[in-house]
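Let me begin by presenting the structure, written as structure tokens, before commenting on it.
Throughout, protein chains are lettered first and strands after them, A, B, ... in sequence-line order, and every chain is numbered starting at 1.
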There are 2 protein chains.
Amino acid sequence: MKEGPDIALLGNMIGDPARANMLLALMSGKALTASELACEAGITSQTASFHLGKLEAAGMLVCRKQGRHRYFALSGPDVGHLLETLMGLAARQGHLRTRTGPRDEAMRKARICYNHLAGDMGVMIYDALLERGFIEDDSDRIDLTDTGYAFSGKFGIDIAHLSRQRRPLCRSCLDWSARKSHLAGSLGTAFLERFYELRWARREKTSRAVIFSAEGEQRFRDLFSV
Amino acid sequence: MKEGPDIALLGNMIGDPARANMLLALMSGKALTASELACEAGITSQTASFHLGKLEAAGMLVCRKQGRHRYFALSGPDVGHLLETLMGLAARQGHLRTRTGPRDEAMRKARICYNHLAGDMGVMIYDALLERGFIEDDSDRIDLTDTGYAFSGKFGIDIAHLSRQRRPLCRSCLDWSARKSHLAGSLGTAFLERFYELRWARREKTSRAVIFSAEGEQRFRDLFSV
DNA sequence: TCAATGCTTCGATTAGCATCGAAGCATGAA
DNA sequence: TTCATGCTTCGATGCTAATCGAAGCATTGA
């Protein structure tokens, strides 16, 4: 009928609540099995299989067989980026699936956004780096300054190595809970991994929440409060 | 059921072909009446009314009454940006609604992308500016250099004025037909408006295509060929 | 006041799609 | 071989959502 890319197909994929739940679950960046995703979406495994087939055919997911398990993951960072864009827009327009509980609280504080830290603590990093002139934000491009380079190195992050990757070093990512920017890009990922390494934080198994230890949070605040 | 923003609602809106067509038609940035959108989507006015009501309720469209007409427009640039993201992803994955005709040809050459120029000619601008060092592209942030500032000024664009706006001056935008970047942001808009002003180009009434006059295209090529 | 236009609401129809039970098919373990 | 697990395919079902004809409202113009 019409020319151009078929956005309705992608929209349709995301438009089903079961599929949307599975996609959001995969935003953690980890690959999940079909049954884990079924559970996450609250549907039977037959139905999940049906949906996963569609999502794979649409190119949004990739699948890796391992033994009798099938692991699914987002087909690339661009899919993750699309989902974050959607979440940002949905949040801004107040389309929230309302449920506020303790877990929600933890999510608001610190959670995984594809491969970097989001939530209040993610925003804190961003604000602190900006405040001290370690990064410079020009609308939607961000640069690491020389002092920021030094700071990151001292914290144990090998920027030279990251720069060689194709991924952008710094990106800003709109946070749907805080409605402010937080740090994405390979530097964002590197910070999060360093937090794990230093045992400041760990993943919660059942959700995207990131749990900081008391000591870890203290050190985090020492480093990033403005 | 789950926490977080409701991306399924937005996905669902975009997931219906009729609605997707209407949204794409509004990517031109112009406000259109309900019947124009019905025609664009190939449905009756009753059905269009039904869909437009949903899109408005979802916050994706805004409506302005004028006499007995109702003009609809995208509720903001963020919606346009979401649609472009979707188009980029869809194109990269080969989900194209195939139809190639003369009009399609014109669209591929030059068309409106929300408020700036896309298609081959849009890509030409981007490449030329980059080649001559007028802009610098670092992954997904773009800077205008001093020489680029001078160049734009000489072409009749008041950069100082644009910089004062909240919109980013330069943004790259993935082109679904050329599959390369073209220039977005307020500078992209300014270039397009200048082309209109100089009578190098005009909008086609029925589509998003932009038609250059013979002379306009010649001057364009003189200015932007690499 | 009457007619025309643009749009919405109502009602009925239809089709497509998500869902799940049951069965089938691999893989791995005993 | 036999059993258990993880996943898919098949078939049937039920429901929702898109669609359009017809009628109803509002605005404009004569």
More 5' along DNA chain C: A/H51 or A/R68, using each one's nearest nucleotide? A/H51
What integer distance in Å separates [X]:[atom1] from [N]:[atom2]?
X: B/H69; N: C/dA4; atom1: NE2; atom2: C1'; result: 12 Å
X: B/L32; N: C/dG6; atom1: CG; atom2: C1'; result: 15 Å
X: B/F50; N: C/dG11; atom1: CZ; atom2: P; result: 15 Å

Along DNA chain D, first and last positions that approach a heavy atom of chain A under 4.0 Å: D/dA4 to D/dT9
Show me the donor-acceptor pairs within less than 3.5 Å that the side chains of residues 43-50 of chain B make with the rest of the protein, sequence neighbours left out.
residue: B/T44; atom: OG1; partner: B/Q46; partner atom: OE1; Å: 3.2
residue: B/T44; atom: OG1; partner: B/T47; partner atom: OG1; Å: 3.0

For B/F72 and B/R70, the nearest pair of non-hydrogen atoms, with its separation, is CD1-O, 3.6 Å
About how many Å separate NE2 of A/H69 and OG of A/S35, when rounded to the nearest 0.5 Å? 7.0 Å
A/T44 side chain near C/dC20 phosphate (N/O to OP1/OP2, under 4.0 Å): yes
Measure the shortest side-chain to side-chain distance between [X] and [Y] over non-hydrogen atoms and say whether it is less than 4.5 angstrom.
X: B/L61; Y: B/L23; value: yes
X: A/E217; Y: A/K109; value: yes
X: B/F224; Y: B/F191; value: yes

